[in-house]
Amino acid sequence: MTDIQSLRPLAAVLSAAVGIVGIVVLRRNPNIRESATLLSAASTLAIVASMVPGVIGGTTYVTDLGTFVPGVRFVLQADPLGMIFGFLASTLWLVTSFYSIGYMRGLDEHDQTRYFAAFAGSVSAALGVAFASNLIVLYVFYELLTVATYPLVTHDETDEARKAGRKYLAYTFGGGVAALAGTAIVFWTTGTVEFSAGGIAALATADPVLARAAFGLLVAGFGVKAALMPVHSWLPDAMVAPTPVSGLLHAVAVVKSGVFGIARVILDVYGPVTVGELGVGLPLAAVAAFTIVTASVIALRQDNLKRRLAYSTISQLSYIVLGLALLSPAALVGGLLHIPAHAFMKLTLFFCAGAIHVETHTDDISDMAGIGRRMPLTMIAFTIASLGMAGLPLVAGFVSKWYLLIGSIDAGQTVFVFVLLASGLLNIGYFWPIIYQAFFQTPDDSDAKPLIEFPIGGVSARTDGGTKRPAAGDEDRYAVDRNPSDHITDADADVAAHAATDADDHSDDHHHGGPPEGGWERRRIGTESTWFMMAPIATAAAGAVVLGIVPYSAVFLALVQRVVADVTGVVF
């Protein structure tokens, strides 16, 4: 690797941050304000993309800003691992910016200036996380990311949103404290917190008790945003946020910063060899496997589409952690490749959920029978992404999961092969009913999904297409959420009832939709919504397919292989 002094890593972080100023200054003219958002996103992507060829070729771009705290310098560096996250975040920010314009205008959302400014701040912090050269700089941007995303989580300003925001802060700041404690132990033990491919050499000879304690604290701290069980519950609650924010939380920045932090710890702080010698990899793999299966089972009982996608995210993120914890080169490739693979697929799914909400105010799967007639392109994209999430060929998820399967065998841990296969079946279990209902049923002949006849699975279906209602006190045992809309609570019931009488008022986000009388109207592909929303959906779905068919040409696999070669010496 060759280090080159360059301002480009700093410029990428500042480009997104400067966008905040432009967005706020131009707040009185929405069209120009949104142009500033797109310009900031495009310039950030251009800066990051300009470093990709050099990084693949072995160059690391370094911006040294001097001593930060005694013994630690504030340095930003664009290396292969950081470039995976940085290029992904900047690419998807541009796509999400277009989508956000259509979404926010479609619902006539309030405080749009604050929304776009917070989004830019979140991406700036995410790029800081990506290009951090040591644990201290990573920690600073990791906490800034929490602060920047809080206004997005609480955007609706309802009691439910504020409660979710408080929980988000409590969990993520708590995780930050744990990560800082682990960082302090590493510094006290080795005298450095600088990232180095293959790990900090002094950790291999450090006191094993202290080394294991630091590893546990670091993984637990970053594991909060990675939504490892049992510190995952903030993520489903954060679904009260607007759908583009859900995409940011689940695909672009927040949860990816968690798994990225774990990747830095395993690959560049400890190194696979030291992790194996300390015996901490297998316990982490077991936690990841438990999360994969448990979250998938819980997803089966969610009727609210965004909550089902939330639990799917919790499960899928642990694929990444599992690949890192298994330590074999193929598993490392699979885990790291699943970062962009999951991002494109999950962003597609959330974009689809948001388009359905904007156009039909429908949030529950049980109300979506026949919706493929009304939103054909949206549901085709949803189907493509769902197939990839299940690991079927020609979509991104297949490639990353193939490497994970091979890596599990190479590591001598065939039990995780069965975990991965079981997870694929569970993915089919909670995605197929949505697809089948959308394309092959109508509101008159549909039944509640999922059709699993035991409490953890959700609603029991009647032969007449209705559902058995839960007994008093048993509501939480069933799939149909007690609060069926993204933003509705019991206290808002009167608002929701009023909104239900005005199906044409798309500005009222409390309206709970469903098929109109007579079923969904049929529309041609691409006419179901504005192209501000349709184009990003098609782009994200196409990205998932490209990663599944020509992953190396899509840059990310080349970056992943470079990371693994630098860390393990194994060239694919």
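Small disclaimer: the values here were computed from a predicted structure and weren't measured. For the single chain, residues carry numbers from 1 onward in sequence order.
- Between Ile23 and Thr113, the closest side-chain pair of non-hydrogen atoms falls below 4.5 Å.
- Listed here is the closest heavy atom pair of Pro236 and Ala310: CA-CB, 3.9 Å.
- Between the CD atom in Gln5 and the OG1 atom in Thr63 there is a gap of 7.5 Å [rounded to 0.5 Å].
- Side-chain atoms of Val265 and Leu324, non-hydrogen and from C-beta on, never get closer than 4.5 Å to each other.
- Side chains of Ile537 and Tyr99 form a contact here, defined as non-hydrogen atoms less than 4.5 Å apart.
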### Message
Assess the residue pair Leu267 and Leu332 against the criterion (side-chain contact (heavy atoms from CB on, under 4.5 Å)); give the C-alpha distance rounded to whole Å, side-chain angles, the decisive distance to 0.1 Å, and a yes or no.
### Response
CA-CA 9 Å; Leu267 301 178; Leu332 293 175; 3.9 Å; yes
### Task
Give the intermediate values and the outcome of side-chain contact (heavy atoms from CB on, under 4.5 Å) for residues Tyr430 and Gln302.
CA-CA 9 Å; Tyr430 60 73; Gln302 305 303 315; over 6 Å; no
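- Counting all heavy atoms, side chain and backbone alike, Met534 lies closest to Ala355 at CE-CB, 4.2 Å.
- Every side-chain contact (heavy atoms from CB on, under 4.5 Å) that Leu144 has, sequence neighbours left out, goes to Ala125, Val140, Phe141.
- Between His155 and Arg114, the closest heavy-atom pair is O-NH2, 3.3 Å.
- Judged as a side-chain hydrogen bond (donor to acceptor under 3.5 Å, both in side chains), and not counting sequence neighbours, Ser40 has no contacts.
- Side-chain contact, Ser90 with Thr44: no donor N or O sits under 3.5 Å from an acceptor N or O.
- Arg27 meets the salt bridge (charged side-chain N to carboxylate O under 4.0 Å, His left out) test with no other residue; sequence neighbours excluded.
- The main-chain N or O of Arg73 is found under 3.5 Å from a side-chain atom of Asn134 such that the two form a donor-acceptor pair.
- Evaluation of the side-chain hydrogen bond (donor to acceptor under 3.5 Å, both in side chains) rule for Trp93 yields Ser97 as partners, not counting sequence neighbours.
- You'll find the side chain of Leu135 reaches within 4.5 Å of the side chain of Val269, heavy atoms only.
- Not a single side-chain hydrogen bond (donor to acceptor under 3.5 Å, both in side chains) links Ser122 to another residue, sequence neighbours left out.
- Considering OG1 of Thr172 and CG of Leu235, their distance stands at 11.5 Å, rounded to 0.5 Å.
- Interatomic distance, Thr149 OG1 to Leu169 CG, rounded to the nearest 0.5 Å: 8.0 Å.
- The nearest pair of heavy atoms linking Gly121 to Ala148 is C-CB, 3.8 Å.
- For Thr91, there are no side-chain hydrogen bond (donor to acceptor under 3.5 Å, both in side chains) partners two or more places apart in sequence or in a different chain.
- A perpendicular orientation is assigned to the rings of Tyr270 and Phe215, their planes being inclined by more than 60° (bins at 30° and 60°).
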### Message
Checking Thr192 against Ile200 for the side-chain contact (heavy atoms from CB on, under 4.5 Å) test, could you report, in this order, the C-alpha distance in whole Å, the side-chain angles of both residues, the deciding distance, and whether it holds?
### Response
CA-CA 8 Å; Thr192 183; Ile200 299 170; 3.7 Å; yes
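- Under the 4.5 Å side-chain criterion, counting only non-hydrogen atoms from C-beta, Phe222 is not in contact with Phe260.
- Judged purely by atom type and a 3.5 angstrom limit, Thr291 uses its side chain to pair as donor or acceptor with the backbone of Met229.
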#### Entry: Full working for side-chain contact (heavy atoms from CB on, under 4.5 Å) between Tyr115 and Val245
CA-CA 9 Å; Tyr115 168 90; Val245 177; 3.5 Å; yes
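- Closest of all the heavy-atom pairs between Ala227 and Leu317 is CB-CD1, 4.2 Å.
- Salt bridge absent: Asp159 and Lys163 never bring a charged side-chain N and a carboxylate O closer than 4.0 Å.
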Mind listing the side-chain donor-acceptor pairs of residues 333-351 below 3.5 Å, one per line with the distance, residues two or more places apart or on another chain?
unit_1 : atom_1 : unit_2 : atom_2 : d
His338 : ND1    : Ser400 : OG     : 2.8
His338 : NE2    : Gln316 : OE1    : 2.8
His342 : ND1    : Lys256 : NZ     : 2.7
Lys346 : NZ     : Leu309 : O      : 3.3
Lys346 : NZ     : Ser312 : OG     : 3.3
Lys346 : NZ     : Thr313 : OG1    : 2.7
Thr348 : OG1    : Phe344 : O      : 2.8
Thr348 : OG1    : Ala540 : O      : 3.4
Thr348 : OG1    : Ala541 : N      : 3.2

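- Put simply, CZ on Arg162 and OG1 on Thr154 are 8.0 Å apart, with the number rounded to the nearest 0.5 Å.
- Not counting sequence neighbours, the partners of Lys167 by the salt bridge (charged side-chain N to carboxylate O under 4.0 Å, His left out) test are Asp237.
- Using a 4.5 Å cut-off on side-chain heavy atoms (C-beta onward), His232 and Tyr311 make contact.
- Contacts of Asp3 classified as salt bridge (charged side-chain N to carboxylate O under 4.0 Å, His left out), with partners at least two apart in sequence or in another chain: none.
- Inter-residue side-chain proximity for Ile136 and Phe187 is flagged as unmet; no heavy-atom pair is nearer than 4.5 Å.
- Note that CG of Asp364 and CD1 of Ile356 are 11.5 Å apart. Values are rounded to the nearest 0.5 Å.
- Partners of Ser257 by side-chain contact (heavy atoms from CB on, under 4.5 Å), not counting sequence neighbours, listed by chain and number: Phe85, Val129, Tyr142, Leu145, Lys225.
- For Thr183 (side chain) and Ala179 (main-chain N/O), a donor-acceptor pair under 3.5 Å exists by modelled atom type.
- Within a 6.0 Å radius of CZ in Phe74, more than 12 heavy atoms belonging to other residues, nucleotides or ligands are found.
- Judged as a salt bridge (charged side-chain N to carboxylate O under 4.0 Å, His left out), and not counting sequence neighbours, Arg8 has no contacts.
- From Phe116, atom CZ reaches atom CE of Met104 across 6.0 Å, with rounding to the nearest 0.5 Å.
- Counting all heavy atoms, side chain and backbone alike, Ala132 lies closest to Arg264 at O-NH2, 3.8 Å.
- Heavy-atom neighbours of Phe98 CZ from other residues, nucleotides or ligands within 6.0 Å: at or below the threshold of 12.
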#### Entry: Audit row: Ser529, Glu359, side-chain hydrogen bond (donor to acceptor under 3.5 Å, both in side chains) steps and yes/no
CA-CA 7 Å; Ser529 185; Glu359 295 300 325; 2.9 Å; yes
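- By the 4.5 Å heavy-atom criterion applied to side chains, Leu284 and Val275 are not counted as neighbours.
- For the side-chain contact (heavy atoms from CB on, under 4.5 Å) with Ser315, the lone residue among Ile292, Thr294, Ile298 that qualifies is Ile292.
- With sequence neighbours excluded, the residues that form a side-chain contact (heavy atoms from CB on, under 4.5 Å) with Val555 are Val52, Ile56, Phe87, Leu559.
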